[in-house]
Number of protein chains: 2
Amino acid sequence: MSITYREVKADILRQITQGELAPGSSMPNEVDLAASYGCARATVNRAMRELADDGIIERRRKAGTRVRLNPIRQVRLNIPIVGQEIEELGAAYRYALVHGQAEPAPNWLRARMALKRDDRVLHLTCMHYADGAPYQHEDRWINLGALPEAEQHDFSDIGPNEWLVSTVPFTEAQISFHAVQADATIADYLDCTEGDALFQAERMTWLEGQTITFVQLTYRRGHRLTMQY
Amino acid sequence: MSITYREVKADILRQITQGELAPGSSMPNEVDLAASYGCARATVNRAMRELADDGIIERRRKAGTRVRLNPIRQVRLNIPIVGQEIEELGAAYRYALVHGQAEPAPNWLRARMALKRDDRVLHLTCMHYADGAPYQHEDRWINLGALPEAEQHDFSDIGPNEWLVSTVPFTEAQISFHAVQADATIADYLDCTEGDALFQAERMTWLEGQTITFVQLTYRRGHRLTMQY
DNA sequence: TTTCTCAAAAGATATAGACATAAGGCGTAA
DNA sequence: TTACGCCTTATGTCTATATCTTTTGAGAAA
């Protein structure tokens, strides 16, 4: 076969990284590139589309294609389920339900999850262990108005995250990362000192506009979220 | 025109989210789908390829395509330059170089950056302010073996990040996020209390296998990194 | 039974050609 | 001069067809 779109992509990328195509400079159009590579325009198109997608080049109809002045640095972050995360570390995973209770939503949570005045929530507290050591503390609230079957479910053996993923797999979500100081309770669960800096993720999940669940995931001391790009 | 790949993608996604196609179930092959949508195979292929890329479905030659049991949750995280990040918040950005000095690399850094025994580094400490308030503390080391011109450069006015991005734009990098306790120095710079939990990013950057720079970015108290998916 | 080989199946990609769409730029009219 | 509108151009997408590659499963051989 002739030249592949990967080869075209690699060659263009090489030209850019080696400075043959300067940042900000504009590139030949697809027809000319196809001619010079001796391939079809669709092949060049795919290569260029992926480069644009990677934030390396910028494309506009009629205006043409140019090398980005400041390439967009982006990473893909996989949001793992904690059990898988731990097993990928090569450690044994253990889950424990600490506390589970249906209750009226407290005010701060009502505001945060945009619940109605008399909506009830299922409040779950769980622990996740890696090789027997505390790994993550999970504080979760599930909107029983949106997901009443959660109240009947027994979370002793499988975690709420896994249950939710298999029950309402295709949701919208917002995730945020930040640092918190361990309070006495968390310090106790995670076997650290009160006041320690801990990495925390918060996630809110919607299904068709309805808030399903809000969760705070507090990681053990020293946890890092690492990515390549 | 006929049906677009976006419409095909949207329709398949709808079938999956609405439960017409159950997780784990296998889908018709491209030829059949193209026939049923009344479009070319390439159109279906693009729709399916993007769905696979989004982690919704799983494709294997010969085995066919199936809906993922556990859809991969992934987000794209843009790594912004701090100046842009602050200006996007609608705040005024100010930069200050606190300290800059070329020195032999300390042992811990030599190990971390994989430097040779007598490599020298440029150690820079900078502050980034949003509307006059401390936003981010930057502690950076640049490998002078790989980038000797850094020693001559004056970092008083533009930050090392911006300079690096414009000098060596296309690099490989590893980024990691975690929580740290503010020590006395950092607390002073970021105007917080010693012991406060702070969000910190560490980034190491390579160009063609050579370590270029290592940086610790410590954010002001309460900083959050937020993403939708 | 187990292992190896090979053919078929399904996705992956290339091609040539066509039309669609967005937007820059020029010409014309106010 | 300015504003509007058309024309051109570059990218975006679709079609129809063909070939390539990977993987699986069946059948042959050990």
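In the text below, chain A, chain B and the rest are named by the order of the sequence lines, each starting its count at 1. Hydrogens, waters and symmetry mates are skipped; everything else that's a heavy atom, side chains included, is used.
B:E30 places its CD atom 13 Å from the P atom of D:dT15, with the value rounded to the nearest Å. Counting to the nearest Å, the C1' atom of D:dT9 and the CZ atom of A:R66 are 15 Å from each other. We find that CZ of B:R46 is positioned 12 Å from C1' of D:dT11, with the value rounded to whole Å. Atom NZ in B:K62 sits about 12 Å away from atom C1' in C:dG11, given to the nearest Å. At whole-Å resolution of the value, CD in B:E58 and C1' in D:dT22 are 16 Å apart. The CZ-P distance, from A:R6 to D:dC20, rounds to 17 Å in whole Å. Straight-line distance from the OH atom of A:Y5 to the P atom of D:dC20: 18 Å, rounded to whole Å. One can place CG of B:N45 at 14 Å from C1' of D:dC20, the figure rounded to the nearest angstrom.
You'll find the ring centres of A:F199 and B:F177 outside the 6.0 Å limit. A ring-centre distance under 6.0 Å is not found for A:Y135 and A:H128.
Summary of helix geometry: the two end axes of the helix from C:dT1-D:dA30 to C:dA30-D:dT1, each defined by five base pairs via their C1' atoms, are inclined to each other by 10° (rounded to 10°).
The nucleotide whose nearest atom lies closest to any side-chain atom of B:R61 is, among D:dT22, C:dT15, C:dA14, D:dT22. Of the candidate nucleotides D:dA16, D:dG12, C:dG24, C:dG24 has the atom lying nearest to any side-chain atom of A:A63. Relative to the side chain of A:A40, the nucleotides C:dA16, D:dT13, C:dT13 differ in distance, and C:dA16 lies closest.
For the pair A:T65 and A:A42, both in contact range of DNA chain D, the more 5′-proximal nearest nucleotide belongs to A:T65. Residues A:R60 and B:V31 both approach DNA chain C. Their nearest nucleotides, taken by heavy-atom distance, put B:V31 toward the 5′ side.
Applying side chain to side chain contact (heavy atoms under 4.5 Å, CB included) to B:R73 and the options A:V165, A:T171, A:L77 leaves one that passes, A:T171.
For the residue pair A:S25 and A:R66, no side-chain donor N or O sits within less than 3.5 Å of a side-chain acceptor on the partner. A donor-acceptor contact closer than 3.5 angstrom is absent between the side chains of A:Y93 and A:D131.
Neither OP1 nor OP2 of C:dG11 sits under 4.0 Å from any side-chain N or O of B:R49. Contact annotation: A:T43 side-chain N/O to C:dT15 OP1/OP2 distance is under 4.0 Å.
Counting heavy atoms of neighbouring residues, nucleotides and ligands inside a 6.0 Å radius, atom CD of A:E208 does not exceed 12 of them. For A:R112, the CZ atom counts as densely surrounded, since its 6.0 Å shell holds more than 12 non-hydrogen atoms of other residues, nucleotides or ligands.
Within 4.0 Å of A:R41, counting heavy atoms only, lies at least one base atom of the nucleic acid.
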